[in-house]
Amino acid sequence: MSVVSSFNGNPDVAFYWILAGLAFDFADGFVARLLSVSSSIGKELDSLADCITFGLAPACFLIPPLKSSVLVAHFPFIIYFPFIITVFSAIRLAKFNIDTRQSDSFIGLPTPANALFCFSLPEVFEKIAQYVKVDFAWVIPILIFQSYLMNAELPLLALKFKHFSWKGNETRYGLIFISIVSILLAGKMAIPVIILAYVLLSAISSLRTAK
């Protein structure tokens, strides 16, 4: 639904579909534990769904604004570059399925966080363009860096809840609070701030655990 909305010129609708996908991705593991149901095929299907929702959809979302780039006018093949996110999201998810270290934490930027960042980029560029002329093709080095972050040896907090009590979830609740307040105040422009807060809170949590 998000892909179709992106190519039909409805970026806001495409973003709302991703938020719906994010809600389902957030809840599926908890519901599975609540019902005591799990399977190996479920794990694989979960990663396949994540690859579409958080790998393919954000790439397709970035293609329409990239069409306006001066660089694309001279080098048309650049229009396909956002699919690097799809490729490295697939690699990140495949690594997650076989990496036993990622049961209680993530290593590398999670694909949902990366996707949300992608969906904020056109608005971020639009705001920057109010002050300085900038071509949207500058999104390309950003996507390369994002692809690296998804697969880097970077310990980050797992966002899925195993229970909803305060103890053990302090950092998660803190991030949720920061995210809600930031989005209410700044909309999509808040997403880069939220990602930064996520990385910083993860670092603090890692230091506390190490002690």
Side-chain angles (χ1 to χ4, degrees), residues 1-2 5-6 10-31 33-34 49-50 53-55 57-58 61-62 65 85 89 92 102 104-132 134 136 138-139 142-143 145-146 149-150 152 154-211:
M1 292 296 198
S2 180
S5 298
S6 292
N10 298 310
D12 289 338
V13 177
F15 179 65
Y16 295 143
W17 280 118
I18 289 301
L19 291 182
L22 187 67
F24 280 110
D25 182 62
F26 180 81
D28 61 0
F30 181 77
V31 171
R33 285 186 290 272
L34 189 67
D50 285 354
T53 309
F54 307 124
F61 180 82
L62 293 173
I85 288 295
S89 293
R92 194 256 180 275
Q102 300 194 55
D104 295 315
S105 63
F106 292 135
I107 298 176
L109 187 66
T111 53
N114 186 70
L116 287 176
F117 186 75
C118 287
F119 274 84
S120 74
L121 286 173
E123 193 160 325
V124 169
F125 270 80
E126 186 177 332
K127 290 291 184 181
I128 294 173
Q130 294 177 5
Y131 305 98
V132 60
V134 57
F136 195 71
W138 279 105
V139 77
I142 295 174
L143 296 182
F145 185 62
Q146 288 177 246
L149 285 181
M150 281 194 289
L154 181 68
L156 294 172
L157 181 72
L159 299 178
K160 293 186 178 182
F161 288 77
K162 292 184 178 180
H163 58 81
F164 290 110
S165 63
W166 173 258
K167 187 174 177 58
N169 288 318
E170 299 92 342
T171 309
R172 292 181 181 87
Y173 281 122
L175 181 62
I176 290 172
F177 176 77
I178 292 171
S179 300
I180 292 173
V181 172
S182 300
I183 289 175
L184 287 175
L185 292 174
K188 287 183 192 176
M189 289 295 293
I191 292 176
V193 177
I194 293 169
I195 301 300
L196 178 60
Y198 171 50
V199 173
L200 291 176
L201 287 172
S202 295
I204 294 170
S205 180
S206 295
L207 289 174
R208 288 174 58 189
T209 303
K211 290 180 181 180

Do [X] and [Y] come close enough that some side-chain heavy atom pair is under 4.5 Å?
X	Y	answer
P112	D50	no
F106	P155	no
S2	F119	yes
L156	I107	no
D25	T53	no
C118	L143	yes
L121	Q146	yes
L22	F54	yes

Work out which heavy atom in [X] is nearest to a heavy atom in [Y]; give both atom names and the distance.
X	Y	answer
I191	L116	CG2-O, 3.4 Å
M150	R92	O-CG, 2.9 Å
A14	S6	CB-OG, 3.4 Å

- Show your working on side-chain contact (heavy atoms from CB on, under 4.5 Å) between F136 and L62 and close with a plain yes or no. CA-CA 10 Å; F136 195 71; L62 293 173; 4.0 Å; yes

- Task: Please test V134 against W138 for side-chain contact (heavy atoms from CB on, under 4.5 Å), starting from the C-alpha separation and ending with a verdict.
- Result: CA-CA 8 Å; V134 57; W138 279 105; 3.8 Å; yes

Would you compute the distance between atom [atom1] of [X] and atom [atom2] of [Y] and round it to the nearest 0.5 angstrom?
X	Y	atom1	atom2	answer
I178	L200	CD1	CG	9.0 Å
F15	S5	CZ	OG	13.0 Å
L149	F145	CG	CZ	4.0 Å

- Query: Is a side-chain N or O of S120 found less than 3.5 angstrom from the main chain of F117, in a donor-acceptor match?
  - Reply: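 At least one qualifying donor-acceptor pair exists.
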
